[in-house]
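Throughout, numbering of the chain's residues begins at 1 and tracks the sequence. This one's a predicted model, so the numbers in the text were calculated from it and none came from an experiment.
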Amino acid sequence: MQTNIVIGTYRFVGFYVTQYLLNQGEEVIGIDWADSEASQYIMEEKELEIGRNSNYIYFPINKLKLLDIKQQDTVFISCYDIQSGKMDKIDFVIGEIVSLIEKCKKNGKNETPNFVLFMPIEKDVSIFQYVLSSIRGIDSAKIIFLPTIYGPWQSEGMSFEAGINQLEQSDIKAAIAAEYTGDALYITDFVNALEEVTSSSDRDIQLCSSIDDHWNKCAMLIFGESMDSVASQSTTKINKGTIFEVKSKLEPEEGIALQIKHNKRLNLLKTWRKRD
């Protein structure tokens, strides 16, 4: 039976991909890492949602190289989460991912599993140069380039979450400068399109929203009148692969409202933890 390995299973995109696969009745091995004690409660909350599923098992990333991955398996690697999250061990995580890819390649072309790499559209993805160069030689690999993905559990390093948390303007500007503002997708719209996207014959695929000006519409809902001061730069459209339009079932107003509601709940949890 096919097994899915999700690297970044307790992050943002990786978590929803894990949830989606489990809901489809698939077997999933989740791989993740602890950043700090501050993020531990978030991992625990997510584990409560998926950890009891009989088709799910978790391994820390330092055990990744011990997995016996077969040709029929699929490895999902969320570089998007590594780029957008606040991490203090990026080099270590990337090193473990590259080691896994190289190990699988040594098994021979006919024994190499499927790889699906989620990459940010941003211009500067130099931190992933070793991952990209390693995976380019695998025929069964796909690279899916993602615009800004938003919704509940979005990383605190992303601009929408930073705006909802009412961080300093300098922090919000830095977050906006670091992400692609040319488009956006709500997280469940993305994962619901995943099966169709991965079945495409194209190797490099860039997802786009069916809603015009999606990122700006979301940003206006969060930043309002301060929009001009925090997002002063114009966006240059970037094309990194075959364009695949994702049908957006949720309007920006609904998606942002759900993210705000979840953010309030998360902040309550933080408060309760501090009291304990």
Side-chain angles (χ1 to χ4, degrees), residues 3-24 26-67 69 73-97 99-100 115-120 127-128 131 144 146 148-158 160-162 164-165 179 185-188 190-192 194 258-259 262-263 265-270 272-273:
T3 299
N4 300 280
I5 296 89
V6 180
I7 301 176
T9 196
Y10 291 138
R11 304 293 130 178
F12 177 42
V13 167
F15 176 67
Y16 277 91
V17 169
T18 300
Q19 265 193 332
Y20 172 80
L21 293 169
L22 290 173
N23 289 339
Q24 301 302 307
E26 301 276 354
E27 290 189 354
V28 177
I29 296 175
I31 306 293
D32 212 285
W33 52 93
D35 293 330
S36 63
E37 285 189 24
S39 66
Q40 190 62 39
Y41 79 96
I42 293 178
M43 293 179 68
E44 290 171 1
E45 280 292 309
K46 291 177 178 177
E47 191 169 23
L48 285 172
E49 292 191 38
I50 59 177
R52 294 189 179 96
N53 192 303
S54 60
N55 284 339
Y56 177 76
I57 188 170
Y58 169 76
F59 286 98
I61 196 164
N62 63 328
K63 304 295 183 183
L64 183 59
K65 60 177 73 71
L66 302 179
L67 296 182
I69 301 175
D73 297 336
T74 300
V75 182
F76 295 90
I77 305 171
S78 186
C79 290
Y80 181 94
D81 288 323
I82 297 173
Q83 175 91 337
S84 63
K86 293 181 177 179
M87 292 180 55
D88 52 14
K89 50 174 74 175
I90 290 179
D91 291 342
F92 169 73
V93 171
I94 290 175
E96 293 293 307
I97 291 171
S99 294
L100 172 70
F115 281 91
V116 178
L117 190 65
F118 300 121
M119 288 289 297
I127 61 171
F128 302 118
V131 177
I144 301 175
L146 305 180
T148 292
I149 305 294
Y150 69 100
W153 294 117
Q154 188 187 50
S155 166
E156 292 179 357
M158 299 291 287
F160 293 171
E161 193 72 2
I164 292 168
N165 282 324
E179 69 183 67
L185 283 172
Y186 188 72
I187 182 66
T188 55
F190 155 61
V191 294
N192 287 335
L194 189 58
L258 288 171
Q259 183 166 339
H262 180 267
N263 176 275
R265 174 181 170 273
L266 210 55
N267 284 330
L268 277 174
L269 282 173
K270 287 181 184 179
W272 292 337
R273 288 238 171 191

Engineer: Report the relative orientation of the aromatic rings in Tyr150 and Phe160; use parallel for angles under 30°, tilted for 30 to 60°, perpendicular for over 60°.
Structural biologist: perpendicular
Engineer: Does a side-chain heavy-atom distance below 4.5 Å link Met158 with Phe12?
Structural biologist: no
Engineer: Rounded to the nearest 0.5 Å, how far does CD1 of Ile187 lie from CD of Gln259?
Structural biologist: 10.5 Å
Engineer: What's the spacing between Met119 CE and Gln83 CD if we round to 0.5 Å?
Structural biologist: 7.5 Å
Engineer: Would you check if Asn55 and Val28 make a side-chain contact, meaning some heavy-atom pair closer than 4.5 Å?
Structural biologist: no
Engineer: Any heavy-atom pair between the side chains of Asn267 and Asn165 that's under 4.5 Å?
Structural biologist: yes
Engineer: Can you tell which of Asn53, Val6, Asn4 makes a side-chain contact (heavy atoms from CB on, under 4.5 Å) with Thr18?
Structural biologist: Val6
Engineer: Considering all heavy atoms of both residues, which atom of Tyr56 and which atom of Gly51 are nearest to each other, and what is their separation?
Structural biologist: CD2-CA, 3.9 Å
Engineer: Arg52: which residues meet the salt bridge (charged side-chain N to carboxylate O under 4.0 Å, His left out) condition with it, sequence neighbours left out?
Structural biologist: none
Engineer: I would like to know whether Phe15 and Ile50 meet side chain to side chain contact (heavy atoms under 4.5 Å, CB included); could you show each step before the answer?
Structural biologist: CA-CA 9 Å; Phe15 176 67; Ile50 59 177; 4.0 Å; yes
Engineer: Are the side chains of Glu45 and Ile42 in contact, using a 4.5 Å heavy-atom criterion?
Structural biologist: no
Engineer: Mind listing the closest non-hydrogen atom pair of Gln154 and Thr148 along with its distance?
Structural biologist: NE2-CG2, 4.2 Å
Engineer: What's the separation between atom CG in Leu194 and atom OG1 in Thr188, rounded to the nearest 0.5 Å?
Structural biologist: 12.5 Å
Engineer: Are the aromatic rings of Phe190 and Phe118 close, with centres under 6.0 Å apart?
Structural biologist: yes
Engineer: Test side chain to side chain contact (heavy atoms under 4.5 Å, CB included) on Leu67 and Ile31 and set out the steps.
Structural biologist: CA-CA 11 Å; Leu67 296 182; Ile31 306 293; 4.0 Å; yes
Engineer: Examine the side chains of Asn263 and Glu161 and answer whether a donor and an acceptor come within less than 3.5 Å of each other.
Structural biologist: yes
Engineer: On a heavy-atom basis, which atom in Asp32 and which in Tyr10 lie closest, and how many Å separate them?
Structural biologist: OD2-N, 2.7 Å
Engineer: Which heavy atom of Tyr186 sits nearest to which heavy atom of Pro152, and what is that distance?
Structural biologist: OH-CD, 3.2 Å
Engineer: Which value, rounded to the nearest 0.5 Å, describes the distance between Asn62 atom CG and Leu66 atom CG?
Structural biologist: 8.0 Å
Engineer: Please report the shortest heavy-atom distance between Gly14 and Ser78, naming the atom on each side.
Structural biologist: N-OG, 4.1 Å
Engineer: Enter the distance from Tyr16:OH to Thr9:OG1 here, rounded to the nearest 0.5 Å.
Structural biologist: 13.0 Å
Engineer: Side chains of Asn192 and Tyr20: closer than 4.5 Å at any heavy-atom pair?
Structural biologist: yes
Engineer: Does a side-chain heavy-atom distance below 4.5 Å link Phe59 with Leu64?
Structural biologist: no
Engineer: Might you work through the side chain to side chain contact (heavy atoms under 4.5 Å, CB included) test for Ile7 and Leu100, ending with a clear yes or no?
Structural biologist: CA-CA 11 Å; Ile7 301 176; Leu100 172 70; 4.0 Å; yes
Engineer: Out of curiosity, Gln24 CD to Leu22 CG, how far, rounded to the nearest 0.5 Å?
Structural biologist: 10.0 Å
Engineer: Tell me, please, which residues at least two apart from Lys65 pass salt bridge (charged side-chain N to carboxylate O under 4.0 Å, His left out).
Structural biologist: Glu96
Engineer: Any side-chain heavy atom of Leu185 within less than 4.5 Å of one from Leu146?
Structural biologist: no
Engineer: Between Ile97 and Ile82, is the side chain to side chain contact (heavy atoms under 4.5 Å, CB included) condition met? List the steps.
Structural biologist: CA-CA 12 Å; Ile97 291 171; Ile82 297 173; 3.9 Å; yes
Engineer: For Met43 and Tyr58, work out which heavy atoms get closest and say how close.
Structural biologist: CE-OH, 4.3 Å
